[in-house]
Asks: 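Before I ask anything, here is the structure I am working with.
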2 protein chains.
Amino acid sequence: MPPEIAALPAPPGDYAELVRRLRAEGARLPPRLRQVAEHMLAHPEDMAFQTTAEIAARAGVQPSTLVRFAQALDYPGFSDLQQVFRNRLRRESSDHRARLAALRGEASGEGGMARTLLEGFIRASQASLETLSGRTDSALIETAAARLARAGTVYLVGARRMFPVVSYLAYAFGKLGIRAVLVDNVGGLGAEQAAMAGPGDAMIAVSFAPYTPQTVEIAREAHRSGVPVIALTDGALSPLAVECDILLEVVEADFGAFRSMAATFALAMTLSVATAEKIRADA
Amino acid sequence: MPPEIAALPAPPGDYAELVRRLRAEGARLPPRLRQVAEHMLAHPEDMAFQTTAEIAARAGVQPSTLVRFAQALDYPGFSDLQQVFRNRLRRESSDHRARLAALRGEASGEGGMARTLLEGFIRASQASLETLSGRTDSALIETAAARLARAGTVYLVGARRMFPVVSYLAYAFGKLGIRAVLVDNVGGLGAEQAAMAGPGDAMIAVSFAPYTPQTVEIAREAHRSGVPVIALTDGALSPLAVECDILLEVVEADFGAFRSMAATFALAMTLSVATAEKIRADA
DNA sequence: TGACTGTTGGAACAAACATTCCATATTGCC
DNA sequence: GGCAATATGGAATGTTTGTTCCAACAGTCA
């Protein structure tokens with residue numbers, strides 16, 4: 001027979017469980033605590049962000065009551081209860097990030113080095129796709145596609161790590177029957193290849209940190225010559241951001257020193273097919 | 001005459017404005033502050049929830065730098081900057097939830113063509129990654145990496161849709177200090193480029209249905225000359241399957257006429273880093 | 001080279017914070 | 001009605017937090 005240790009009950013681990021718990025035993029809570037529970041369910045966002053003093057004031061109780069409330073639900077303190085609300089707000093993306101961090105932490109877990117690396121790159125790709133799904137303004141893609149659809153020729157610029165993306169775009173555009181030129185810098189003639197572009201054309205420039213100077217330079221030149229430039233880049237700090245007409249932002253997760261390209265490719269695919277659709281719609 | 005009060009500029013009131021501001025003047029920020037800006041844009045959720053100490057550690061700066069960063073953007077202190085991120089998260093979480101519901105509600109299509117395409121490509125990529133995770137033999141990757149690690153030079157062969165993968169491998173191997181030659185077929189000299197390979201080297205050949213004849217031909221030639229060939233392809237029915245020493249199978253999902261490349265890239269990344277690790281272990 | 005301006009790291013600081021404690025009030029029970 | 005148990009308000013407390021300050025450093029122009 002086990003000794004009578006007060007088996008301290010586990011607090012609800014997530015928001016859904018918390019709500020279930022309150023529904024079950026919320027009725028037999030003391031008046032002030034019930035008041036807190038009601039406020040909590042009515043304003044879950046306040047619970048995530050505000051301080052004890054603020055929440056207490058809004059709920060019409062003392063800060064200490066909040067702590068007591070949390071402890072009545074078996075949390076060590078109010079902060080632990082609050083964490084549940086914060087996690088609820090950030091949803092799955094934190095899941096991915098935590099898993100990535102864990103993977104990075106273990107030197108080489110079970111399954112061997114290759115397994116660890118593979119899982120790491122897969123997680124990084126998944127996280128990137130997740131972010132792309134949540135944060136991308138599809139209207140902006142449509143705008144970009146419309147611009148590309150009107151272009152006589154689409155010039156594709158990108159180097160080093162991003163060259164795969166533009167070479168893919170060259171393939172996709174070709175297959176879709178859209179006239180495109182891959183600025184591949186063969187023979188060092190990148191600038192000359194791109195200089196063919198005029199205001200009736202368009203350019204897709206792809207560059208992520210650390211930005212290849214030549215890509216930025218070519219985009220700048222084109223932009224200043226009146227060529228519509230669509231930038232595929234990693235954010236507002238990119239030097240491409242100021243040298244473009246339409247900025248498509250992509251956030252890629254990394255694993256080790258290597259950044260995923262999954263989101264960038266998905267966006268590139270979308271952009272090319274959307275352009276083809278626009279052309280078809282116009283005709 | 002009014003006294004010379006320094007008309008203190010107003011800080012960005014919401015996230016969109018903050019991004020706009022950074023786009024305009026982010027480039028001329030001091031290095032450390034720009035580092036903060038980059039971290040901030042890459043991990044906006046961290047900015048909403050974590051404390052100065054935590055954020056600073058992740059961004060690789062001092063807590064004081066965060067305060068300085070906020071003040072550089074005309075906020076009185078870091079807390080005021082953080083408030084922008086919290087507000088964004090509050091609003092966006094309801095946005096995101098609504099969008100998800102909308103997407104679930106309507107079968108597909110009315111949410112805009114671009115959205116439909118984007119979600120489709122994202123889903124295809126995720127499915128591919130899922131499959132890769134589930135059915136890849138990591139021991140085989142280790143074997144392949146060991147083979148590559150022993151090679152004098154790695155020859156990279158792939159064309160058309162798969163050219164992005166080999167061009168990425170060329171980038172990765174270069175960055176990792178592994179001698180590699182990208183067989184890019186410039187000037188139609190692909191066969192000659194690949195003919196340099198000998199038994200002391202190795203070749204990675206990438207081809208998926210419909211297989212590019214030249215890629216298959218080059219791999220066959222190399223294999224018969226005693227060059228270790230590692231094939232990255234889509235299954236046992238591939239013509240590459242018989243002309244290689246190690247067969248790495250990848251199943252990619254497609255959306256419309258376009259197949260994802262997410263799994264192939266993840267595998268390529270794994271293979272290159274695993275090779276570098278093997279080389280390091282051998283030394 | 002040498003002053004000057006701007007940037008950075010790290011310790012010191014004061015304010016804000018969640019939490020604890022205790023006296024008081026309320027409730028339930030005999 | 002009186003006692004015990006619980007609930008509550010509000011001050012006290014020890015952390016943790018964001019912030020400030022200063023010395024050291026880097027870059028720039030004379």
Side-chain angles (χ1 to χ4, degrees), chain A residues 6 8-9 11-12 18 22 25-40 43-87 89 237, chain B residues 6 8-9 11-12 18 21-22 25-40 43-87 89:
Chain A
L8 49 142
L18 176 61
L22 277 179
E25 52 191 272
R28 65 187 114 107
L29 244 37
R32 286 273 113 117
L33 296 195
R34 192 161 351 141
Q35 197 173 324
V36 172
E38 274 158 22
H39 176 85
M40 188 191 95
H43 309 283
E45 282 151 18
D46 291 1
M47 291 290 288
F49 292 115
Q50 298 182 328
T51 66
T52 44
E54 290 169 317
I55 299 169
R58 296 208 185 200
V61 300
Q62 289 288 327
S64 51
T65 307
L66 290 183
V67 177
R68 273 194 288 267
F69 174 76
Q71 288 171 343
L73 290 159
D74 306 314
Y75 294 97
F78 176 76
S79 307
D80 306 83
L81 169 64
Q82 192 174 42
Q83 204 55 47
V84 171
F85 285 86
R86 297 191 165 183
N87 288 339
L89 271 190
L237 285 181
Chain B
L8 50 142
L18 176 61
R21 173 86 176 264
L22 279 178
E25 55 192 271
R28 65 187 114 106
L29 243 40
R32 284 277 115 113
L33 296 194
R34 193 161 351 145
Q35 197 173 324
V36 172
E38 273 157 23
H39 177 87
M40 186 191 97
H43 309 283
E45 283 142 27
D46 291 1
M47 291 288 291
F49 290 115
Q50 296 181 330
T51 66
T52 44
E54 289 170 317
I55 298 169
R58 297 211 185 196
V61 299
Q62 290 286 329
S64 51
T65 308
L66 290 184
V67 178
R68 271 195 288 267
F69 174 77
Q71 290 171 342
L73 291 160
D74 305 314
Y75 293 98
F78 175 77
S79 308
D80 306 83
L81 169 63
Q82 192 174 44
Q83 204 54 47
V84 171
F85 284 86
R86 297 191 165 180
N87 289 339
L89 209 59

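Note that this is a predicted model, so its numbers are computed, not measured.
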Asks: Grab the CG-P distance between B:Leu33 and C:dT7 for me, whole Å please.
Replies: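 Answer to the nearest Å: 7 Å.
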
Asks: Would one find a side-chain N or O of A:Thr65 under 4.0 angstrom from OP1 or OP2 of D:dA7?
Replies: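 Indeed not, no polar side-chain atom of A:Thr65 lies that close.
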
Asks: The side chain of A:Val67 lies closest to which of these nucleotides: D:dT8, C:dT19, D:dG18?
Replies: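 Among D:dT8, C:dT19, D:dG18, the one nearest the side chain of A:Val67 is C:dT19.
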
Asks: Within the structure, does a side-chain N or O atom of B:Gln62 lie under 4.0 Å from either OP1 or OP2 of C:dG10?
Replies: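 Answer is yes, contact under 4.0 Å.
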
Asks: Please enumerate all protein N or O atoms sitting under 3.5 Å from an N or O of nucleotides 3-5 of chain D, with distances to 0.1 Å.
Replies:
none

Asks: Please lay out, stage by stage, how A:Tyr75 and A:Gln83 fare under the test side chain to side chain contact (heavy atoms under 4.5 Å, CB included).
Replies: CA-CA 11 Å; A:Tyr75 294 97; A:Gln83 204 55 47; over 6 Å; no

Asks: Return the minimal non-hydrogen interatomic distance between B:Ala72 and B:Leu33, and the atom names on each side.
Replies: CB-CD1, 4.1 Å

Asks: In whole angstrom, what separates B:Leu66's CG from D:dG18's P?
Replies: 9 Å

Asks: I need the CZ-P distance between B:Phe85 and D:dG18, as an integer number of Å.
Replies: 15 Å

Asks: Does C:dT7 have its OP1 or OP2 closer than 4.0 Å to a side-chain nitrogen or oxygen of B:Arg68?
Replies: no

Asks: Return the nearest nucleotide to the side chain of A:Phe78; candidates are C:dT7, C:dT19, D:dT8.
Replies: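 Per side-chain heavy atoms of A:Phe78, the pick is C:dT19.
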
Asks: Nearest whole angstrom, please: distance from the C1' of C:dC17 to the CD1 of A:Ile55.
Replies: 12 Å

Asks: Tell me the interatomic distance from B:Met47, atom CE, to D:dG18, atom C1', rounded to whole angstroms.
Replies: 13 Å

Asks: Rounded to the Å, how far apart are A:Tyr75 OH and C:dT19 P?
Replies: 13 Å

Asks: Taking the minimum atom-to-atom distance to the side chain of A:Arg32, which one of C:dT7, C:dT20, D:dG9 wins?
Replies: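 When the side chain of A:Arg32 is considered, D:dG9 is the closest of C:dT7, C:dT20, D:dG9.
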
Asks: Are a donor atom and an acceptor atom from the side chains of A:Arg32 and A:Gln35 found within less than 3.5 Å of each other?
Replies: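 There is such a pair between these side chains.
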
Asks: Please check: side-chain N/O of B:Asp80 versus main-chain N/O of B:Gly77, any donor-acceptor pairing under 3.5 Å?
Replies: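 Between the backbone of B:Gly77 and the side chain of B:Asp80 there is a qualifying donor-acceptor contact (under 3.5 Å).
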
Asks: May I ask you to decide if A:Pro76's main-chain N or O and A:Gln71's side chain share a donor-acceptor pair within less than 3.5 Å?
Replies: yes

Asks: Would you say a side-chain N or O of A:Gln71 is under 4.0 Å from OP1 or OP2 of C:dT19?
Replies: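 The answer is no; no side-chain N or O of A:Gln71 sits under 4.0 Å from OP1 or OP2.
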
Asks: Checking the side chain of A:Gln82 only, and the main-chain atoms of A:Gln50 only, is there a donor and an acceptor separated by less than 3.5 Å?
Replies: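 A pair under 3.5 Å: yes.
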
Asks: Per the atom types in the model, does the base of D:dG10 pair as donor or acceptor with the side chain of A:Ser64 at under 3.5 Å?
Replies: yes

Asks: Given the rule in the side chain to side chain contact (heavy atoms under 4.5 Å, CB included) test, do B:Phe85 and B:Met40 qualify, once you have shown the distances and angles that lead to the verdict?
Replies: CA-CA 10 Å; B:Phe85 284 86; B:Met40 186 191 97; 3.1 Å; yes

Asks: Just how far, in rounded Å, is C1' of C:dA16 from CD of B:Gln82?
Replies: 14 Å

Asks: Figure out the CZ/C1' separation between B:Phe69 and C:dT8, and round it to whole Å.
Replies: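 Whole-Å distance recorded here is 16 Å.
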
